[in-house]
**Q** 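Structure below; questions to follow.
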Number of protein chains: 2
Amino acid sequence: MTVTLADVAARAQVSPATVSRVLNGNYPVAASTRERVLKAVDELDYVLNGPASALAAATSDLIGILVNDIADPFFGIMAGAIQSEIGGPGGRAGGERLAVVCNTGGSPERELTYLTLLQRQRAAAVVLTGGAVEEGPHAAAIAAKLRKLTDAGTQVVLCGRPPVADTDAVALAFDNRGGARQLTAHLIGLGHRRLGYIAGPKERTTTRHRLEGHRQALAAAGIEDDPALTVHGRYDRRSGYEATLELLRREPGLTAVVAANDSVALGACAALRESGLRIPQDVSVAGFDDLPFSVDAVPALTTVRLPLSEAGARAGRIATGREEPPPGGLATVRGELMVRGSTGVPRG
Amino acid sequence: MTVTLADVAARAQVSPATVSRVLNGNYPVAASTRERVLKAVDELDYVLNGPASALAAATSDLIGILVNDIADPFFGIMAGAIQSEIGGPGGRAGGERLAVVCNTGGSPERELTYLTLLQRQRAAAVVLTGGAVEEGPHAAAIAAKLRKLTDAGTQVVLCGRPPVADTDAVALAFDNRGGARQLTAHLIGLGHRRLGYIAGPKERTTTRHRLEGHRQALAAAGIEDDPALTVHGRYDRRSGYEATLELLRREPGLTAVVAANDSVALGACAALRESGLRIPQDVSVAGFDDLPFSVDAVPALTTVRLPLSEAGARAGRIATGREEPPPGGLATVRGELMVRGSTGVPRG
DNA sequence: CTGTTAGCGCTTTCAG
DNA sequence: CTGAAAGCGCTAACAG
């Protein structure tokens with residue numbers, strides 16, 4: 001029924017081994033023989049059996065990419081960049097690697113499940129994006145699983161996630177702390193003293209680091225960190241909307257809102273506008289990440305640009321062995337402050 | 001070195017066959033035996049070998065998803081929705097299906113390559129999203145490939161893409177024509193007569209259908225379709241920006257710009273603003289798709305909402321056999337006109 | 001440069 | 001309900 005390598009071999013009058021060698025191009029084969037084989041492949045419309053070759057060779061062409069939410073451009077951009085670098089020459093069977101994208105929804109349980117599934121597929125590499133949950137049994141379980149993966153020869157790359165101890169996983173960590181510090185310092189420099197902060201979910205590393213940066217900037221300027229001015233939420237627009245209303249309730253004298261990311265900032269803008277406040281004349285707003293839509297906000301959003309695309313591309317190259325991992329297996333990726341129209345000097 | 005099913009069998013004192021049956025849960029096994037096997041699996045920390053089982057069973061747990069660009073929320077939302085419905089119970093080995101996301105960049109060549117790669121992996125299903133290129137040898141080649149895939153038992157679902165003749169592929173097509181017609185009719189109803197249209201790349205079905213809907217509305221209102229008022233570009237912001245400048249150059253009397261999608265519309269807004277024109281007082285702007293950021297544009301974007309998430313979820317269920325395909329293998333998914341602040345009555 | 005020979009680890013009839 | 005046995009289709013030594 002289905003045509004196999006043996007059929008091709010028969011038709012080309014060579015041994016199955018030779019066909020395999022031609023197809024994988026990893027072994028010398030006479031040009032004339034190759035021609036013949038390729039011709040047979042074409043005539044029979046033969047397609048290699050991936051599972052069979054993965055079984056025999058004990059590796060696969062699959063690369064796992066774990067994201068919180070692929071519908072969020074933050075992850076979409078990284079996933080796209082990773083993908084763009086995993087194809088191309090260099091691997092088996094033409095070097096075409098396939099990306100298995102797994103939506104974890106930020107849940108450590110699902111993350112663990114997906115890692116096991118990728119382990120089952122004998123994935124050649126796994127890239128984990130976004131912040132991690134840092135406490136509880138899950139964090140330990142994930143660390144243990146990553147260790148098993150690396151032990152089994154799977155290259156593990158953390159893209160925008162802090163390193164995991166006792167692991168061979170390579171980490172490209174975002175400097176969330178530094179970026180947040182710069183951003184808040186910018187606001188303070190403009191004269192702001194009562195700044196609201198809309199943080200992400202509590203137990204995540206990204207949330208903690210950005211919040212720490214914010215507080216460092218406040219402390220450096222001798223501004224008291226009023227706990228009432230920090231509200232936690234999710235990393236989405238709606239959360240920003242609601243949190244801003246809450247902040248306004250708690251502190252009508254607010255002159256600036258710093259959001260956990262750009263989506264949250266957009267929600268904050270909507271809430272402010274609906275409350276009759278002008279941006280930035282009445283209240284300044286700042287985001288984080290610099291997603292594509294941020295420059296189109298009105299006024300354009302002041303934010304910290306994270307080189308998502310570059311980081312993803314680098315992660316993809318490291319995952320496929322086309323770039324040396326950074327020394328010590330850790331590189332810090334810095335953000336860049338983008339000052340735009342949504343921040344200005346406070347009123348009064 | 002690595003623990004196999006045989007190891008588990010030995011430890012549980014049963015045959016390999018029994019272990020396989022327990023793991024796949026598709027065959028009666030005594031409760032006590034199952035317990036013993038599961039215990040051994042746990043103790044040995046056994047992970048099934050995916051390629052091996054795929055080879056033996058001649059199917060895999062992989063589902064391919066083809067997108068133009070995963071960084072674009074239009075595709076990200078669909079991909080996320082598809083994913084959310086392909087997991088869960090119902091399949092082999094716990095029914096956990098993995099999504100292989102392939103970025104084609106809109107290129108038919110890459111689309112074809114990825115389809116072959118998915119065929120090689122013996123993917124259980126393939127979902128193709130977004131419009132198709134409709135002419136040339138590629139379209140035929142893709143149709144032929146889809147036929148081969150369905151013949152081989154792979155479920156093929158077209159999500160937001162018109163049906164392909166002589167194929168068992170199920171299509172969930174967006175009513176781009178109807179949506180575009182409604183949108184332009186809305187503008188005409190407001191009193192607009194000189195409407196610029198920024199279309200997508202020429203050879204794509206989505207582009208053609210949206211443009212046709214626009215022209216139908218013009219024709220219905222007895223408005224001449226001035227070719228100078230249609231500009232083709234890509235489906236991105238930059239394209240919208242440039243095309244708008246061009247339209248303004250060609251026709252300073254323009255009172256409305258209809259964009260191929262929301263990203264293009266955002267670019268159009270930026271160009272208009274920089275040209276000193278107010279939206280909608282001087283020029284109205286409309287988009288298509290209703291991506292999440294569109295409601296946050298200032299003014300909020302009038303657009304046609306496409307139920308991307310619902311369509312993706314349905315495609316995922318059909319792909320995994322959890323929902324009956326629509327009668328005739330084709331369903332049309334309609335959009336909904338969302339009238340917001342970016343459109344108004346024309347000046348003068 | 002090419003052929004021969006063993007498996008890779010699992011599923012699945014077919015018996016029992 | 002359980003076991004035995006026969007591959008699934010390919011790769012990778014090892015010879016030649």
Side-chain angles (χ1 to χ4, degrees), chain A residues 1-38 40-41 44-61 91-94 119-122 124 152-153, chain B residues 1-38 40-41 44-62 91-94 117 119-122 124 152-153:
Chain A
M1 175 70 226
T2 158
V3 27
T4 72
L5 197 152
D7 299 329
V8 176
R11 176 154 196 136
Q13 318 233 58
V14 295
S15 72
T18 300
V19 178
S20 172
R21 296 197 263 250
V22 169
L23 261 25
N24 289 299
N26 51 7
Y27 215 81
V29 174
S32 64
T33 312
R34 156 182 282 102
E35 292 273 291
R36 213 141 30 87
V37 170
L38 258 19
V41 165
L44 296 174
D45 204 16
Y46 171 67
V47 175
L48 197 64
N49 183 317
S53 69
L55 172 58
T59 65
S60 82
D61 292 331
R92 297 168 50 253
Q119 184 183 9
R120 170 183 299 182
Q121 296 296 335
R122 304 301 188 253
Chain B
M1 178 66 227
T2 157
V3 26
T4 73
L5 197 154
D7 300 328
V8 175
R11 176 152 195 138
Q13 319 234 56
V14 294
S15 72
T18 300
V19 177
S20 171
R21 297 199 260 250
V22 169
L23 261 24
N24 288 299
N26 52 7
Y27 214 80
V29 173
S32 63
T33 311
R34 156 182 281 101
E35 293 274 289
R36 213 142 30 88
V37 170
L38 258 19
V41 165
L44 295 175
D45 204 16
Y46 171 68
V47 175
L48 195 65
N49 183 317
S53 68
L55 171 58
T59 65
S60 82
D61 292 332
L62 263 26
R92 296 166 53 251
L117 253 20
Q119 182 183 11
R120 172 184 297 183
Q121 296 295 335
R122 303 300 187 255

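Within every chain, numbering begins at 1; the chains are lettered A, B, ... in the order of the sequence lines, protein sequences first and strands thereafter. Model, not experiment: these values are computed from the prediction. Heavy-atom basis, side chains included; hydrogens, waters and symmetry copies ignored.
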**Q** Under the side-chain contact (heavy atoms from CB on, under 4.5 Å) test, which residues partner B:Ala52, sequence neighbours left out?
**A** A:Leu55, B:Asn49

**Q** For residues 5-14 of chain A, dump all side-chain donor-acceptor pairs below 3.5 Å to protein atoms at least two apart in sequence or in another chain.
**A**
| from | atom 1 | to | atom 2 | distance (Å) |
| --- | --- | --- | --- | --- |
| A:Asp7 | OD2 | A:Thr4 | N | 2.8 |
| A:Arg11 | NE | A:Glu43 | OE1 | 2.7 |
| A:Arg11 | NH2 | A:Glu43 | OE1 | 3.0 |

**Q** Answer yes or no: does a side-chain N or O of A:Asn49 lie under 4.0 Å from OP1 or OP2 of D:dC8?
**A** no

**Q** Rounded to whole angstrom units, what separation is found between the CG atom of B:Leu5 and the P atom of C:dG7?
**A** 19 Å

**Q** Would you mind reading off the distance between A:Gln121 atom CD and C:dG9 atom P, rounded to a whole angstrom?
**A** 16 Å

**Q** When you compare the protein's N or O atoms with those of nucleotides 1-3 of chain C, which come within less than 3.5 Å of each other, and at what distance?
**A**
| from | atom 1 | to | atom 2 | distance (Å) |
| --- | --- | --- | --- | --- |
| C:dT2 | OP1 | A:Thr33 | OG1 | 2.3 |
| C:dT2 | OP2 | A:Ala30 | N | 2.8 |
| C:dG3 | OP2 | A:Ser15 | N | 2.9 |
| C:dG3 | OP2 | A:Ser15 | OG | 3.3 |
| C:dG3 | OP2 | A:Thr18 | OG1 | 2.8 |
| C:dG3 | N7 | A:Arg21 | NH2 | 2.7 |
| C:dG3 | O6 | A:Arg21 | NH1 | 3.3 |
| C:dG3 | O6 | A:Arg21 | NH2 | 3.4 |

**Q** Using whole Å, report how far CG of A:Leu23 lies from P of D:dT11.
**A** 7 Å

**Q** Counting side-chain heavy atoms from C-beta on, which of D:dT11, C:dT11, C:dC8 comes nearest to A:Leu55?
**A** C:dC8

**Q** Do any side-chain nitrogens or oxygens of B:Ser20 fall under 4.0 Å of OP1 or OP2 in C:dT11?
**A** yes

**Q** Short question: side chain of B:Ser60, backbone of B:Ala54 - any donor-acceptor pair under 3.5 Å?
**A** no

**Q** How many whole angstroms separate atom CG of A:Asp7 from atom C1' of D:dG9?
**A** 10 Å

**Q** Would you compute the distance between atom CG of A:Asp45 and atom CD of B:Gln119 and round it to the nearest 0.5 angstrom?
**A** 7.0 Å

**Q** Which pairs count as salt bridge (Lys or Arg N to Asp or Glu O under 4.0 Å) when at least one residue sits in residues 13-38 of chain A, sequence neighbours excluded?
**A** none

**Q** Give every residue pair that meets the salt bridge (Lys or Arg N to Asp or Glu O under 4.0 Å) criterion with at least one member in residues 47-59 of chain B, sequence neighbours excluded.
**A** none

**Q** Quick one: B:Asn26 CG to D:dT2 C1', roughly how many Å, whole number?
**A** 15 Å

**Q** So which nucleotide from C:dT11, C:dC8, C:dG9 ends up closest to the side chain of A:Ala56?
**A** C:dC8

